[in-house]
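What follows is a set of notes on a single structure, which appears directly below.
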Amino acid sequence: MQAVKRSRWFSFKQWDFWSWVTLFVYLFLLAFIVYPLFSLLFNSFFNDQGMFSLANYANFIKLKYYYSALWNSLKVSVLTTVFSILIGVPLAYITTRYNVKFKGIIQILVIMSLLSPPFIGAYSWILMLGNNGFLTRFLHDIGIPFSSIYGWKGIVFVFTLQFYPHIYLYVSGALKTIDTSLEEAAESLGRSSFHRLRTVTIPLIFPTLSAGALMVFMASFADFGTPMLLGQGFKVLPILAYEQFISEMGGNPAMASTLSVILIICSTSILFLQRYFVSRKNYTMTGMRTPKVEILAPLKKWLFTGFALLVACVSIIPQATVIVTSFIKTKGPVFQTGFSLDSYKEILFRVPKAILNTYTYSLISIVIMVVMGMLVAYVLVRRKSKLTAMLDSLIMIPYVMPGTVLGISMIIAFNKPPVVLTGTWVILVIAYVVRKLPYTIRSSTAILYQLDRSVEEASISLGVPPMKTFFKTTGRLMAPGVLSGAILSWVTTINELSSTIVLYYGATATITVTIYSEVFTANYGTGAALASILSLTTLISLIIANKLSKKGLQL
């Protein structure tokens with residue numbers, strides 16, 4: 001049997017459509033993931049004179065300037081993860097286990113805060129709590145000493161409000177499906193509610209909770225925009241790698257490559273650590289008795305509702321601030337009294353290309369992601385083998401790659417013949433596809449696992465070729481679920497900053513890069529107008545995704 005499979009792969013005449021799809025995807029991943037990564041690793045072992053050397057790694061270990069950035073990244077990410085758990089778990093428990101009011105509104109606000117890019121949150125808090133922010137001035141006027149939101153504490157604050165929804169969404173799903181018989185057993189033994197939560201409920205949902213915590217850690221560890229806007233001298237690894245690669249005083253690509261390799265090693269280590277802890281115990285439950293919503297006394301009900309609404313409303317403050325300030329009159333960096341559309345007129349006159357670029361590149365990327373996602377998902381689910389298992393592993397590599405690292409690796413790989421892509425819009429589209437493709441594939445495989453093979457088999461038995469069956473039958477059944485997942489990928493693509501800021505040049509600037517530039521040049525009005533466009537696009541996309549997911553359920 002093994003010999004037959006081997007001969008099938010090496011005999012092109014016997015290859016079917018799916019064999020060619022597998023080959024194409026392998027070539028794509030080798031060209032745009034494996035090759036750039038090897039180029040990055042190779043580059044890290046050479047000094048400024050082009051000689052093979054371990055000096056870059058030695059300098060990282062010896063010089064505080066470098067290793068302190070790793071410590072800063074870990075400190076910020078760990079604190080963000082801890083605070084996100086402290087907010088997300090209670091919020092999820094309250095909204096799933098008790099009859100609190102406005103659950104739908106709370107969930108929408110929480111998801112909206114998650115889908116907004118972190119650097120917009122940072123920018124909004126600068127408007128409120130920056131050196132000259134209106135809340136900062138108010139606090140000073142009433143005699144409360146407050147310096148500003150800048151520094152590592154501000155970064156952790158913004159990250160926590162941005163990323164705790166990961167914990168909330170993961171834990172909410174787990175709490176709705178947990179088997180309550182174990183909790184009831186603990187209650188019958190006289191355990192208090194808090195003790196039961198700590199010793200039974202939390203351990204049971206640990207795999208889901210740790211997956212959410214991993215998402216928070218990875219997102220905060222890899223983020224570039226927020227630390228760049230709020231850091232003011234507080235360096236984290238993504239910023240240091242960017243500055244070493246692109247510097248007005250002459251960059252050091254070799255050291256940037258070394259820092260990028262260390263970023264990937266840290267991200268991968270955290271991923272394996274999470275999987276190790278989860279694999280140590282068995283968390284299987286029957287799921288026969290799902291929890292019922294507990295009816296609270298009126299006072300408790302409104303207290304819990306107030307807490308949940310407070311958290312959700314504070315989370316959405318950045319988007320509200322951005323939208324409101326985009327309509328306020330400005331004169332340079334100073335906001336004036338009165339409302340105006342001048343900021344919107346200015347961006348339409350001054351940076352229309354950036355707006356067009358954002359939607360054009362994202363649309364091209366999402367079309368490629370949808371087509372590739374559906375085809376690759378079919379190969380992974382319906383054509384399982386060692387080759388497809390390896391393919392699945394390769395696809396997930398960008399999951400642990402910070403955007404800055406991806407950008408640096410692609411410039412190193414495609415900055416010289418035979419393939420020169422730097423300075424073109426093509427490299428941006430490829431970067432978006434590579435970075436977001438894993439999410440589209442996961443949504444595609446999830447929906448495909450739910451589809452019965454008998455539908456395809458019936459079509460093929462009627463004489464329809466397998467490829468035609470996929471496009472006419474399977475693909476159509478997958479479409480609603482795939483598109484709802486793809487829209488979420490679209491939202492993250494239009495909001496992408498980390499890889500874009502490394503790969504763009506003047507003519508290919510996007511909205512996120514332009515917002516970043518406007519904030520640094522203190523053009524807060526135009527920055528707010530551009531950020532409002534992204535927020536509105538995010539809201540519309542979320543509504544469409546919700547409609548499509550409901551249609552998918554009906555199918």
Side-chain angles (χ1 to χ4, degrees), residues 76-115 118 121 156-184 186-187 191-221 270-271 273-275 277-278 280-281 283-285 287 290-294 296 300-316:
V76 164
S77 301
V78 168
L79 287 173
T80 299
T81 305
V82 170
F83 287 125
S84 295
I85 290 171
L86 291 176
I87 293 173
V89 172
L91 184 64
Y93 194 86
I94 287 170
T95 54
T96 54
R97 292 298 180 89
Y98 301 121
N99 65 326
V100 295
K101 305 282 285 182
F102 315 119
K103 287 186 181 181
I105 293 172
I106 291 166
Q107 187 156 9
I108 289 170
L109 292 177
V110 169
I111 294 172
M112 272 297 295
S113 66
L114 175 64
L115 291 179
V156 171
F157 173 75
V158 173
F159 274 161
T160 301
L161 289 179
Q162 171 69 32
F163 296 131
Y164 85 84
H166 284 298
I167 304 291
Y168 167 78
L169 292 172
Y170 274 81
V171 172
S172 293
L175 287 173
K176 286 175 184 174
T177 57
I178 195 173
D179 192 334
T180 55
S181 59
L182 295 169
E183 293 179 311
E184 289 167 0
E187 189 178 4
R191 303 296 185 188
S192 66
S193 298
F194 178 74
H195 191 273
R196 188 173 71 244
L197 175 68
R198 185 174 59 83
T199 58
V200 179
T201 309
I202 298 296
L204 282 174
I205 64 168
F206 177 74
T208 308
L209 176 59
S210 65
L214 177 68
M215 290 289 289
V216 173
F217 185 93
M218 300 282 261
S220 52
F221 190 73
I270 295 297
L271 177 64
L273 194 65
Q274 183 260 346
R275 290 186 176 179
F277 281 118
V278 170
R280 289 177 64 195
K281 294 181 181 179
Y283 301 91
T284 307
M285 294 176 288
T290 53
K292 293 178 181 178
V293 175
E294 187 179 333
L296 293 171
K300 257 190 176 181
K301 178 180 176 180
W302 284 107
L303 281 174
F304 283 176
T305 300
F307 167 76
L309 274 176
L310 177 66
V311 173
C313 289
V314 170
S315 307
I316 208 70

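Please read these numbers as outputs of a predicted model, since none were measured by experiment.
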Enumerate donor-acceptor pairs with a distance under 3.5 Å from any side-chain N or O in residues 303-312 to protein atoms, sequence neighbours excluded.
from	atom 1	to	atom 2	distance (Å)
Thr305	OG1	Lys101	N	3.1
Thr305	OG1	Lys301	O	2.7

Which heavy-atom pair separates Val76 from Thr80 by the least distance, and what is that distance? O-OG1, 2.7 Å
Minimal non-hydrogen separation, Phe163 against Val216, with atom names: O-CG2, 3.4 Å
Got a sec, which residues hit side chain to side chain contact (heavy atoms under 4.5 Å, CB included) with [X], two or more places apart in sequence or on another chain?
| X | result |
| --- | --- |
| Ala213 | Thr81, Ile85, Ile167 |
| Lys300 | Leu296 |
| Ile270 | Leu214, Phe217 |
| Phe83 | Leu79, Leu86, Val156, Thr160 |

How long is the span from the [atom1] atom in [X] to the [atom2] atom in [Y], to the nearest 0.5 Å?
| X | Y | atom1 | atom2 | result |
| --- | --- | --- | --- | --- |
| Leu109 | Gln107 | CG | CD | 10.5 Å |
| Ser220 | Met215 | OG | CE | 11.0 Å |
| Ser210 | Leu273 | OG | CG | 10.0 Å |
| Ile108 | Ile316 | CD1 | CD1 | 10.0 Å |
| Phe159 | Ser77 | CZ | OG | 7.0 Å |
| Thr208 | Leu169 | OG1 | CG | 12.0 Å |

State which residues pass side chain to side chain donor-acceptor pair (under 3.5 Å) with Tyr164; sequence neighbours excluded, sorted by chain then number. Ser315
